[in-house]
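Okay, so here's the structure we're looking at.
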Amino acid sequence: MTNRIDASDQEISFDDYDEALNPKPDENDFDKILEVALSRRGLLKGVLAVGSVATLGSLATIMPGEAQAADSRFAFDAVDANTLDDITVPQGYSAQIVARWGDPMWSDGVDFDHASRGTAASQEVSIGDNIDGMEVFAHGDKTLLVLNNEYTNRKIIWGNREEGKSESDDDVIKGKMAHGLTVVEIAESDSGEWAIVKDSPFNRRVTPDTPMVMTGPAAGHELLKTAADPAGTTPLGTWNNCGNGSTPWGTYLACEENFNGYFSAADEEHKVSAELKRYGVSSKDWGYGWAKVDDRFDVSKNPNEPNRAGYVVELDPANPDSTPKKRSALGRFKHENAELVVNSDGRIVVYMGDDERGEFLYRYVSNGVFAPGAETDSLLEDGKLYAAKFYDTGAGEWLELTPESAGMASMAEVCVHTRIAASAVGATTMDRPEWVTSNPKAPEVYCALTNNKNRGVKPNAGGDLTPAAGPNPRDKNLYGQVVRWRPNGGDHTSDGFAWDLYVMAGNPTIHSDAYGGSDNVSEANMFNSPDGLKFDSNGILWIQTDGNYTNAEDFAGHGNNQMLAGDPATGEIRRFLVGPNECEVTGLTWSADKLTMFIGIQHPGEKGNSHWPEGGDAVPRSAVIAIRRDDGGLMG
Ligand code: FEO
Ligand code: CA
Ligand code: CA
Ligand code: CA
C-alpha cells in the first residue's frame, strides 16, 4: 500500500502515528500562541542562565535550596550512564531475571522458541510481552506477581516472517495473546533466586478476549452496546495496559492506554465519529491486524466497541476465576496508571494521567469510605471525577466533571467521553502525564510529564491550546519534567492545591538555558523522559525513563534508559540502574519483606539492536528482574 505509515516500523511513536492519521486542527491564533510561548521561554532562559533561585521560586518551579544536599539519603554509589546491552546496578547490588516474555507458566507449555517466537497456543499459556506496570501481592504464604503486558513489537514477535509482518491468522492471534495481563506465582529459592512457580493454581493469563464486566455510570449506556453485548455490560478483554495501581483491599488496577491503535476498518475510507477521533481511533490500526481475525476490532462494523476500552480494570489476583471489572467511574482516556490514596477521612482518591500530548491529569474521589473488611465494590463505582487546572501562581484546582460542567446529557457520557468533558471545563493541557505517585511520608503527589514536542507548537487533539505555561514551561519539550502538588490542608479531597516542579530534565552539557534542566540536574545524573514514578515505603522517589537513547546531540551523555532515585526533601537525584539497549525501564514493586525490588525491562532491541537477556543471537525479550543488596539489606 502506498503512502501508508506503518507503525510496525517502530520509527515513529504511537502519538506521531495517531497525529499522522488525524492531523491536528489549524489554529488561527497560532502566531499569538507562539509569541506568548517564546516570551516565557525567553524569561525562563534568562532565569536559569543566571540561576536566580528567587525568580525561579516565583515561577513555581524548583524549590529554593534543593540543588545540593549536604547529606545524601542514598546508600549506593551512582551508576554512570552507559550503552551496554546489559543491566547495570551499583556495586553491592545484584540483578537476576525472574520471568521473560514467552516463558511457559504451566509444565505442559513449551520453552520459548527463538526461531519461531512461539505460536498463538504457546503464547496463551506463557508470560505476555512488553512488561509494564506490576505489583506483588502476598497471599497467605504465596507471592503473586501481576504484570501488565502492554503491547508487542511486531518486528520482534513476527521477526521470523519477511519484513516482520504477520503471514497467518495464527501470527495475528499470537500477537493478540501476547497482550493483556499475567498473574504468576513466584517463589524464592534458598539461595535467594526468584523463579516462576509453574502450575500454580493462581497462574492466569488475562487476554484481549477475557470476559469482563463494566461497572459505574457508563455500564449499560447506549454508547457501550454492541451486537454481541446488547446490554452494554460485558465487554471482552483488556489490551495496551500501561502503568498500574493497587488497592488496600488486595486488588490490582490495570490501566488501558493506547487502546485505539488496534481498531481498523475493512474500508479504509470509513470515517469515524468526532468522539472516536478525539481518542485516535481511525480506519487504520498500528499494524496488529486484529480486525482480520476478530470483527470486534472493525470500527465500521462495531462503532461502539472502542467505547468499551480506555478504562481502569480491577483484577483480584487471589481469585483466579474472578471476572475483572472495568471501572468507568474513573473515566475513559489513555490511562497511564492509577495512584490510589486512602484519604484521612477514609475516602478513596485516585490520581490518573492521560498520556498523550496536551491531554489532562485527573482525580477521582469516592463517595463512600474505606474500612478494612467492609464492602469495597462501590468505592471505585460511585464517586466524583475531576480534571486539573494549574495556574502560573503556583496554585491549582480540581474542576469537577459533571453533565452540567461538561455540557453532556449524563454522567455516563462524561465517563465515556472524559477527554471532551475535561476540554469543556478548561483543564490544563499537560506534557503527556505518565505515572503519578504519592509520597507515603507526606501529603504530596508527583507526576511524570514525559515530554511534548508539540508544546507551544500546536493544540491537542481536541483543539485546546498548549502555550508554554505553568508546569509545562518549555516549548517543544524534549526532556520532560516531574510536577508535584500538595493538596490544601493535606486533604486529598480538597479542591485546591499548591504545585511546583520537582525536576526539569535536560542536558546541561549542551544547553545553558531551560533545556539544560533544573538545578538538581547535572552531567552526572542527567536523563530524559521520566515515565515510571513510584515512591518506596521510605519516601524515596524512584524515576524510570522511556526516552531518547541515541546518546547523541540533545541526548549526548544520557546513555540507555535508566532508573534513578530522588530525595523529595533535598531534590537530590542519583542514577541507580541502566537498562540494556533500546529498552524502557518501567514497572516497580517489592517483595513483602522489602528485601527484593522487582522492575520491568520493556522492549529491549525495539529497533533491532539488542539480544538481552540471553545474548548471542537470541531474540530480545522483555523481562522482570529482581534486584537485591548483596548484604541482604532492605530495598525499599
Ligand atoms: Fe505506556 Fe504512557 O506509557
Ligand atoms: Ca509509561
Ligand atoms: Ca512513555
Ligand atoms: Ca512503554
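Note that ligands are numbered from 1 as they come in the structure, with each ligand's atoms numbered from 1 the same way. One is the number of the first residue; the rest follow in order along the sequence.
For the residue pair Thr586 / Gln602, no side-chain donor-acceptor distance below 3.5 Å is found, with atom types taken as modelled.
Residue Ser591 holds its OG atom at 5.5 Å from CZ of Phe598, rounded to the nearest 0.5 Å.
Aromatic ring orientation, Tyr252 versus Phe137: perpendicular (interplanar angle above 60°, classes split at 30° and 60°). By the 30° and 60° cut-offs, the orientation of the rings of Phe390 relative to Phe497 is perpendicular. Using a 30° and 60° split on the angle between ring planes, Tyr351 and Trp398 fall in the tilted class, from 30° to 60°. Ring planes of Phe360 and Tyr362: perpendicular class, angle over 60° (limits at 30 and 60°).
Under 3.0 Å from the Ca ion (ligand 3) lies an N/O/S atom of Asp546, whether from backbone or side chain. Residue side and main chain included, Asp531 places an N/O/S atom under 3.0 Å of the Ca ion (ligand 3).
Its N, O or S atom nearest to atom 1 (Fe) of ligand 1 is what matters here, and for Glu150 that atom is OE2. The atom of Glu434 nearest to the Ca ion (ligand 3) is OE2, with the search restricted to N, O or S atoms.
Under the salt bridge (Lys or Arg N to Asp or Glu O under 4.0 Å) criterion, the residue pairs touching residues 533-547 are Glu135-Lys534, with sequence neighbours excluded.
Salt bridge Glu124/Lys174: absent, no basic N to carboxylate O contact under 4.0 Å.
Note on atom 2 (Fe) of ligand 1: protein N, O or S atoms under 2.8 Å away count 4, no waters included.
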